[in-house]
2 protein chains.
Amino acid sequence: MKSSRECIEYIRPVRDVLDIINGKWKLPILISLSFGNKRFKELEKEVEGITPKMLSKELRDLEMNQLIIRSVYDTVPVSVEYSLSEYGKSLDSVIDALREWGKKHRNKLFAKL
Amino acid sequence: MKSSRECIEYIRPVRDVLDIINGKWKLPILISLSFGNKRFKELEKEVEGITPKMLSKELRDLEMNQLIIRSVYDTVPVSVEYSLSEYGKSLDSVIDALREWGKKHRNKLFAKL
DNA sequence: CGGTATCCCTGAGGATACTG
DNA sequence: CAGTATCCTCAGGGATACCG
């Protein structure tokens, strides 16, 4: 067992990440974008249950943190495309880990029934 | 680029996990316990900033989800020890991934200055 | 299409004090 | 020591409607 200080040091980076990908929507949005660039309406469908207001806000947050890129194309009507930045793509390992555990958890829950 | 249905299927397990480890405190608590069994007061110190109320609530949630074990010892005064369950330990990979990314993120922020 | 605006509510989370 | 009890704030999130 290590010292308390080491433990606190260990927690810090995780808290940093939690600050960035907090809430129920950010990771689902990032995952959706990891499947390919998406328009606003597409995201609204794939991230089930999200409202336009929340989607708009979360996209802004993610863009501010440089995880995604918002590209506006000068078509008529204007079209907007969201994509993962390289930095956002680097979250893959995190998403994979979460996903693997999530699948195990699901199996565990089913096994109980 | 895959179909929308695949994408939605892909997101589901991640949302399951998020439901379990949501909020700012659960992962820090789990990490602290990964360093060794802890008493309530010890956790209160190592999970910096948490109030006893939140700690109490989060511990209850984590216990309900079988991620931690609460052991009461019949001493005077009574002592309570929290430990990771095997199931809780299986979150290691998730925590590692988050932590690795968090460290990178920190470096990136520092590099900017 | 890609969002805003408005209103609303719950619950996460905090501060402080207290108890068996 | 291991929590409860109260009271409080505020942001996360939802519903619905609307706009350029």
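Only a predicted model underlies this, so the values are computations on that prediction, with no experimental measurement involved. Proteins get letters first, then strands, A, B, ... in listed order; numbering begins at 1 in each.
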Whole angstrom is fine here: how far is it from [atom1] in [X] over to [atom2] in [N]?
{"X": "B:Leu59", "N": "C:dA12", "atom1": "CG", "atom2": "P", "result": "15 Å"}
{"X": "B:Glu44", "N": "D:dT4", "atom1": "CD", "atom2": "P", "result": "12 Å"}
{"X": "A:Phe40", "N": "C:dG3", "atom1": "CZ", "atom2": "P", "result": "6 Å"}
{"X": "B:Leu43", "N": "D:dA2", "atom1": "CG", "atom2": "C1'", "result": "11 Å"}
{"X": "B:Ile29", "N": "D:dG3", "atom1": "CD1", "atom2": "P", "result": "12 Å"}

**Item:** Helix axis bend for the helix from C:dC1-D:dG20 to C:dG20-D:dC1 - C1'-based end axes, five pairs, 10° rounding
**Value:**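 Helix axis angle between the two ends: 50°.
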**Message:** Using only atom types and a distance under 3.5 Å, with no angle test, would you say the side chain of B:Glu42 pairs donor to acceptor with the backbone of B:Arg39?
**Reply:**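 At least one qualifying donor-acceptor pair exists.
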**Asked** Is the backbone N or O of A:Gln66 less than 3.5 Å from a side-chain atom of A:Ser85, with the two atoms forming a donor-acceptor pair by type?
**Response**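 A pair under 3.5 Å: yes.
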**Request:** Kindly assign one of parallel, tilted or perpendicular to the pair A:Tyr87 and B:His105, based on the angle between their ring planes and the thresholds 30° and 60°.
**Result:**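 Parallel, since the angle between the ring planes stays under 30°.
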**Request:** Mind checking the CG-CG spacing from B:Leu98 to A:Leu98? Nearest 0.5 Å is all I need.
**Result:**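 That separation rounds to 6.0 Å.
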**Message:** Just verifying a value: how many Å separate B:Ile95 CD1 and B:Lys89 NZ, rounded to the nearest 0.5 Å?
**Reply:**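 Result: 12.5 Å between the selected atoms.
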Do NZ/NE/NH1/NH2 and the carboxylate oxygens of [X] and [Y] come within less than 4.0 Å?
{"X": "A:Glu100", "Y": "A:Lys103", "answer": "yes"}
{"X": "A:Lys26", "Y": "A:Glu58", "answer": "yes"}
{"X": "A:Arg12", "Y": "A:Asp16", "answer": "no"}
{"X": "A:Glu46", "Y": "A:Lys38", "answer": "yes"}

**Message:** For DNA chain C, which residues of residues 63-83 of chain B approach it to below 4.0 angstrom with any heavy atom?
**Reply:**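 None - not one residue of the stretch has a heavy atom sitting under 4.0 Å from the strand.
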**Message:** Applying salt bridge (charged side-chain N to carboxylate O under 4.0 Å, His left out) to A:Glu44 and A:Lys41, what does each step give before you reach the verdict?
**Reply:** CA-CA 5 Å; A:Glu44 209 178 331; A:Lys41 283 287 178 192; 3.6 Å; yes
Return the polar atom pairs (N/O with N/O) between nucleotides 13-16 of chain D and the protein under 3.5 Å, or none.
from   : atom 1 : to      : atom 2 : distance (Å)
D:dG13 : OP1    : A:Lys24 : N      : 3.2
D:dG13 : O6     : A:Lys53 : NZ     : 3.1
D:dG14 : OP1    : A:Lys24 : NZ     : 3.0
D:dG14 : OP2    : A:Trp25 : NE1    : 3.4
D:dG14 : N7     : A:Lys53 : NZ     : 3.4
D:dG14 : O6     : A:Lys53 : NZ     : 2.0

**Request:** Check whether any side-chain N or O of A:Arg39 sits under 4.0 Å from OP1 or OP2 of C:dC1, and answer yes or no.
**Result:**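 For C:dC1, OP1/OP2 do not have a side-chain N/O of A:Arg39 under 4.0 Å.
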**Message:** Could you tell me if the side chain of A:Trp25 sits less than 4.5 Å from the side chain of A:Leu55, heavy atoms only?
**Reply:**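 Side chain of A:Leu55 against side chain of A:Trp25, heavy atoms only: no contact under 4.5 Å found.
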**Residue closer to the 5' end of DNA chain D, B:Arg60 versus B:Lys45 (nearest nucleotide)** =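 Closest to the 5' end, via its nearest nucleotide, is B:Lys45.
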